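One structure is given here, and the rest of the page talks about it.
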Amino acid sequence: MSSPFTERIRNIVAAIPRSRVATYGQVAVLAGNPRAARQVSWVLHSSSKRYGLPWHRVIGGRGSISLEPGRGYEEQKSLLLSEGVVFGDRDRIDLERFGWKPGGSDIENALTP
DNA sequence: AACCTGACTTCGG
DNA sequence: TCCGAAGCCAGGT
């Protein structure tokens, strides 16, 4: 079993809509602990496969992929690209456009891309 | 129970 | 804008 934190984190990540992204910090905040960003990464790392979580929709705070090449970077990028997420120069994603607005209407989530 | 780990974040230079 | 150092959290060992 997992602590409520971990479970919330899983639920939140699972709720990220297709072609949208959230930052680790954001997920941590939504989970109720603004400083547990690292924990978020840990949860994904340990149980994303098992729970079928859209782990690739979670990125670093600057809109860039935190994984290193050869360690999941390519895979994550390709998954995001396949969902229509656009990478700007320096490999960064515009969070204004693709950032997930939790609780936001589907409409809002639907347009930006 | 103490120590280690990690896909983070923030701050200063 | 980029890099290094420090801070923080909870699950694993």
Side-chain angles (χ1 to χ4, degrees):
Chain A
M1 288 301 288
S2 320
S3 72
F5 273 140
T6 307
E7 278 184 36
R8 275 200 296 268
I9 291 175
R10 284 202 301 258
N11 292 329
I12 293 169
V13 172
I16 303 175
R18 183 189 148 71
S19 68
R20 311 235 68 115
V21 296
T23 68
Y24 299 94
Q26 182 181 3
V27 174
V29 171
L30 294 175
N33 192 334
R35 305 184 176 169
R38 302 190 74 175
Q39 186 59 16
V40 173
S41 71
W42 194 91
V43 171
L44 293 177
H45 186 65
S46 67
S47 59
S48 60
K49 188 75 176 181
R50 193 158 35 137
Y51 293 83
L53 300 176
W55 60 273
H56 58 282
R57 296 183 189 144
V58 184
I59 61 180
R62 302 183 191 87
S64 54
I65 292 179
S66 297
L67 288 157
E68 287 172 38
R71 304 224 16 180
Y73 169 83
E74 294 87 350
E75 187 185 0
Q76 179 167 24
K77 182 168 184 178
S78 124
L79 283 168
L80 289 174
L81 286 174
S82 72
E83 296 191 342
V85 174
V86 176
F87 287 75
D89 61 332
R90 275 169 208 175
D91 241 32
R92 283 200 238 137
I93 296 171
D94 184 350
L95 293 177
E96 290 299 313
R97 291 209 298 153
F98 301 100
W100 173 44
K101 313 278 190 296
S105 60
D106 300 329
I107 314 142
E108 186 175 8
N109 284 325
L111 23 102
T112 7

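Remember, predicted model here, so these are calculated numbers, not experimental data. Lettering of chains follows the sequences in order, A, B, ..., and the numbering in each one begins at 1.
- Residue contacts shown for A/Phe5 are limited to sugar-phosphate atoms, with no base heavy atom under 4.0 Å away.
- The nucleotide whose nearest atom lies closest to any side-chain atom of A/Arg71 is, among B/dT10, B/dA7, C/dC8, B/dA7.
- Judged by distance alone, with hydrogens and angles left aside, the side-chain atoms of A/Arg92 form no donor-acceptor pair with the main-chain N or O of A/Gly63 at under 3.5 Å.
- Residue-level contact check: A/Ser46 touches neither bases nor backbone, having no heavy atom under 4.0 Å from any strand.
- The shortest distance between the side-chain N/O atoms of A/Thr23 and the OP1/OP2 oxygens of B/dC8 is not below 4.0 Å.
- Comparing C/dG11, C/dG7, B/dA7 against the side chain of A/Arg38 picks out C/dG7 as the nearest.
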Could you go step by step and tell me if A/Lys77 and A/His56 meet the side chain to side chain contact (heavy atoms under 4.5 Å, CB included) rule? CA-CA 8 Å; A/Lys77 182 168 184 178; A/His56 58 282; over 6 Å; no
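- Taking for each of A/Pro4 and A/Arg90 the nucleotide of DNA chain C with the nearest heavy atom, the 5'-most of the two is the partner of A/Arg90.
- Under the 3.5 Å distance criterion, the side-chain polar atoms of A/Arg57 are left unmatched by any main-chain donor or acceptor of A/Val21.
- Backbone-only engagement by A/Gly60 is indicated by non-hydrogen atom pairs under 4.0 Å involving sugar-phosphate atoms exclusively.
- Minimum atom distance to the side chain of A/Trp55 is reached by B/dA7, of the listed B/dA7, C/dG11, C/dC8.
- You'll find that the side chain of A/His45 is closest to B/dA7, out of B/dA7, B/dT10, C/dA10.
- Positionally, the nearest nucleotide of DNA chain B for A/Gln39 lies more toward the 5' end than for the other of A/Pro34 and A/Gln39.
- Checked for salt-bridge contact, A/Arg20 and A/Glu83 miss the test: no charged N lies under 4.0 Å from a carboxylate O.
- Here A/Asn33 does not reach the OP1 or OP2 of C/dC8: none of its side-chain N or O atoms lies under 4.0 Å away.
- Heavy-atom distances to DNA chain B give each of A/Ile59 and A/Trp42 a nearest nucleotide, and the one nearer the 5′ end belongs to A/Trp42.
- A/Arg92 comes within 4.0 angstrom of sugar-phosphate atoms only, judged by non-hydrogen atoms across all strands, and of no base.
- The distance from atom CZ of A/Arg62 to atom P of B/dC8 is 10 Å, rounded to the nearest whole Å.
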